[in-house]
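Numbers for residues simply follow the sequence, beginning at 1.
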Amino acid sequence: MSFVTISTWRITGETETMSRVTELMRRKYFPGLLALGAKHSMLVDADLDRFAIVTVYPSRKVRDDAIDHISALRGEGAEEFGAKLMDAYAGDMLASSKG
């Protein structure tokens, strides 16, 4: 059973843009999450100054084994993105349209 995390962020930096956040995710943070065992990660433009990062892990154990590193990435990302972590959710994937 896959395990999913969703973190929501609000841009706080006056000069920060979603295009810069997107570039940082592609260049640095997606590879970092994949190196920690994630199967897939997505950046979602959620609103004017908000975005979400959705990451799928093969299991809760894989995510749990990497939790300290994930927390460190979130802290680093908050500074680099010019954004504040609003909420973080996690749970087992119950159903998916993807086979």
Within 6.0 angstrom of Arg26 CZ, more than 12 heavy atoms from elsewhere: no

Nearest-0.5 Å distance, CD of residue Glu16 to CD of residue Glu14: 12.0 Å

Rounded distance (nearest 0.5 Å) linking atom CD1 of Ile67 with atom CG of Asp65: 10.0 Å

Distance (rounded to the nearest 0.5 Å) between Met86 CE and Arg50 CZ: 5.0 Å

ILVMFWY network linking Leu73 to Leu43, side-chain heavy atoms under 4.5 angstrom: yes

Joint hydrophobic cluster, Leu85 plus Phe30, side-chain heavy atoms closer than 4.5 Å: yes

Common cluster, Leu34/Tyr57, ILVMFWY with side-chain heavy-atom separation under 4.5 Å: no

Of all pairs that satisfy ring-ring contact (aromatic ring centres under 6.0 Å, His included), the ones with a partner from residues 66-97, not counting sequence neighbours: Trp9-Phe81, Tyr29-Phe81, Phe51-Phe81

Contact check, side chains of Asp49 and Met18, non-hydrogen atoms, under 4.5 Å: no

Side-chain touch Val4/Thr55, heavy atoms, less than 4.5 angstrom: no

Value rounded to 0.5 Å, distance of OG1 in Thr22 from CZ in Arg27: 12.5 Å

Side-chain (Ser7) to main-chain (Ala88) donor-acceptor, under 3.5 angstrom: no

Separation of Arg74 CZ from Leu33 CG (nearest 0.5 Å): 8.5 Å

Pairwise side-chain contact, Ser59 with Phe3, heavy-atom cut-off 4.5 Å (strictly under): no

Taking every non-hydrogen atom, the tightest pair across Pro58 and Gly37: CD-O, 3.1 Å

From Lys28 atom NZ to Glu80 atom CD, the distance as rounded to the nearest 0.5 Å: 4.0 Å

Heavy-atom check, side chain of Ile53 versus side chain of Ser41, under 4.5 Å: yes

Any residue meeting side-chain contact (heavy atoms from CB on, under 4.5 Å) with Ala66, in chain and number order, not counting sequence neighbours: Leu36, Ile70

